[in-house]
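Notes for the one structure printed next.
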There are 2 protein chains.
Amino acid sequence: MEKAKSIKEIAQLAGVSTATVSRVINQNGRFSKETEERVRRIIRQQGYMPNMSAKGLRTSRTQVIGIIVPDITNPHFAELVLNLEMNLFQHGYSCLICNTNESEELEKKHIRSLTAQNVRGIVLISGLRNYIELSGTPVVYLDRPSHSRKERTSGVMIESDNETGGYLATKELIRAGCRQIAILKCLKNDDNQQARYKGFQRALVEEDLRENELLCMDTAAVSVKDARVAVAQLVAGTAHFDGIMSTTDTMAVGAVIGLRENGLEVPGDVLVTGFDDCQLAAACGPGLTSVHQDVPGMSRLATELLLQMIEGKQPEKTYYRLPVSLTVRRSTQREK
Amino acid sequence: MEKAKSIKEIAQLAGVSTATVSRVINQNGRFSKETEERVRRIIRQQGYMPNMSAKGLRTSRTQVIGIIVPDITNPHFAELVLNLEMNLFQHGYSCLICNTNESEELEKKHIRSLTAQNVRGIVLISGLRNYIELSGTPVVYLDRPSHSRKERTSGVMIESDNETGGYLATKELIRAGCRQIAILKCLKNDDNQQARYKGFQRALVEEDLRENELLCMDTAAVSVKDARVAVAQLVAGTAHFDGIMSTTDTMAVGAVIGLRENGLEVPGDVLVTGFDDCQLAAACGPGLTSVHQDVPGMSRLATELLLQMIEGKQPEKTYYRLPVSLTVRRSTQREK
DNA sequence: GTGAAAGCGCTAACAA
DNA sequence: TTGTTAGCGCTTTCAC
């Protein structure tokens with residue numbers, strides 16, 4: 001591979017100084033129309049691309065955004081990342097992707113690595129820690145509130161209205177005739193699920209239904225398998241139930257499978273709701289009623305706010321809560 | 001945020017020159033045991049991290065790998081990316097992620113952007129073009145063969161044995177009693193599906209079954225929706241069928257839904273197989289028999305080869321084909 | 001075993 | 001409107 005061209009060669013070919021070429025590239029004014037055209041032509045001819053390392057060194061800022069995500073194979077996170085990456089690339093930014101696998105230590109290492117690389121901003125889809133050392137770098141906390149949100153000193157937060165989502169799902173189960181509703185959740189590392197649970201409780205209270213502790217299941221992890229296990233326990237237990245409100249689609253799918261393994265059908269015997277409305281929800285067994293989050297909207301907002309902060313403007317609001325809706329499918333259609 | 005410390009400050013605090021600090025950091029020898037310890041201690045105390053832009057400029061090489069992927073929301077690609085990112089981070093590399101959305105133009109832009117950023121290597125999960133301009137940068141072509149593979153001049157290729165996968169799936173359908181097997185595929189942009197189709201044909205020939213053109217469906221895209229439409233056409237058509245071999249899980253799920261929409265059940269009326277064995281396959285309706293790819297193995301191999309190439313060693317082989325297996329679930333268990 | 005110094009490609013302050 | 005120049009933080013050659 002021949003050595004990449006430098007701004008110096010472009011300057012020579014165009015018969016100007018490197019400063020002028022730099023000005024043209026960065027549109028910093030102080031050049032004539034003719035000079036601009038000539039420089040641009042040479043750049044195009046030579047297929048010149050500025051060396052980002054040099055630029056980064058000189059300006060201490062890069063065209064790179066770090067995205068920290070618990071696990072990219074989670075369909076909901078994958079969708080967020082896809083949207084973010086496409087939006088940001090349109091604005092000239094590349095994305096460094098970091099999976100934390102829910103490990104605080106790994107998350108810490110990634111943060112250090114990102115700052116060493118002079119990333120221009122960070123999107124933190126995670127809820128493990130609060131990063132004071134990030135002050136200075138624009139950061140958007142997305143989707144998952146930090147555990148220590150109140151201590152957050154900088155950056156903005158965007159999340160879905162999880163509480164209302166939990167409420168909507170539960171109301172739908174009640175509407176469909178459920179009176180003994182079990183809840184499937186995994187509160188570990190995820191305040192969102194706590195909020196969804198609160199919405200669940202609010203709906204019950206509103207309908208004069210009592211929450212039954214025996215129907216309140218906490219799983220070890222968010223997985224199909226753990227949900228199946230939990231549902232098997234429910235079925236084996238003494239408390240009767242006619243509906244399951246699950247705080248994620250993955251666990252809802254596990255619930256459907258678990259029920260079937262125990263001779264119960266959805267929606268024949270039990271109704272089920274999920275959360276996230278990902279591909280899984282539409283594809284699974286009976287078609288899963290699920291709370292829909294506006295992922296493109298969240299991503300767009302995150303991109304906008306991050307770009308604003310990069311340009312030095314502090315967004316007027318520091319907290320954004322986006323509305324959710326309910327996508328109704330067969331899993332909550334009681335059969336006649 | 002206080003300004004990041006530089007190697008100069010570390011050198012001062014340790015009472016040595018910057019050259020020595022650099023040598024210690026990069027383990028380039030030429031320093032005493034005592035010096036090393038002192039320098040290390042200061043570095044730890046100060047939480048010093050070398051400036052990657054400066055390092056990149058000086059050496060024209062970074063600790064960044066570019067990953068180009070058609071669409072991160074595809075569960076199979078998401079799994080590959082997760083594994084790659086985790087492996088590479090362990091070796092000190094960060095990953096720039098680039099979604100092409102199957103657009104050749106976007107792919108081109110990403111390639112240019114990656115080279116401008118001096119990425120150390122590239123993993124190309126795509127099959128759109130052949131990149132001669134990449135010669136010089138180590139590149140692993142992963143999962144999707146390039147259309148113009150024969151012209152590939154450098155880099156290594158890793159893919160699953162897709163042909164055998166198609167063969168295994170088809171044999172399983174035949175074993176379960178199918179005699180008129182439809183195939184659901186989308187050859188656009190993806191030579192893998194072509195290979196799976198070839199395996200399908202080989203299995204038919206081996207069993208003395210004739211391929212029926214009326215049962216050979218090509219969809220516009222790899223999506224649940226397009227698969228549903230295709231299956232609706234199949235059902236409405238004149239040719240009878242008792243099995244569907246689908247070249248991806250996503251389309252297989254679409255097939256199951258499409259069949260149900262037309263009053264046919266899996267596995268009661270029609271048997272179905274998928275490909276990729278992603279979460280969807282285990283979760284969907286009846287449980288989908290699917291061809292399993294060794295994603296962690298592929299990712300590990302890709303990482304190893306890329307690191308080798310980065311270190312200047314050309315791997316002995318330039319093409320790797322990994323074995324696949326069949327995960328059998330209910331969708332191919334004919335009911336009595 | 002260690003240090004001095006050049007220079008990677010770029011930007012920005014200053015000069016003209 | 002344009003050019004000259006210093007220097008960002010680091011590695012590496014050369015000298016000791």
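Per chain, numbering begins at 1; letters A, B, ... match sequence-line order. Note that the coordinates shown come from a computational prediction; the quantities given were computed from them, not determined experimentally.
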Pair A/Asn162, A/Ser160: side-chain N/O donor-acceptor within cut-off below 3.5 Å: no
B/S/- contact track for nucleotides 2-11 of chain D, protein heavy atom under 4.0 Å: BBB-BBBBBB
B/Glu159 versus B/Tyr141, side-chain donor and acceptor atoms under 3.5 Å: no
salt_bridge(A/Arg144, A/Glu102) N-O dist < 4.0 Å: yes
Sidechain N-carboxylate O distance under 4.0 Å for B/Glu34, B/Arg38: no
Donor-acceptor pair between A/Ser53 and B/Asn118 side chains, under 3.5 angstrom: yes
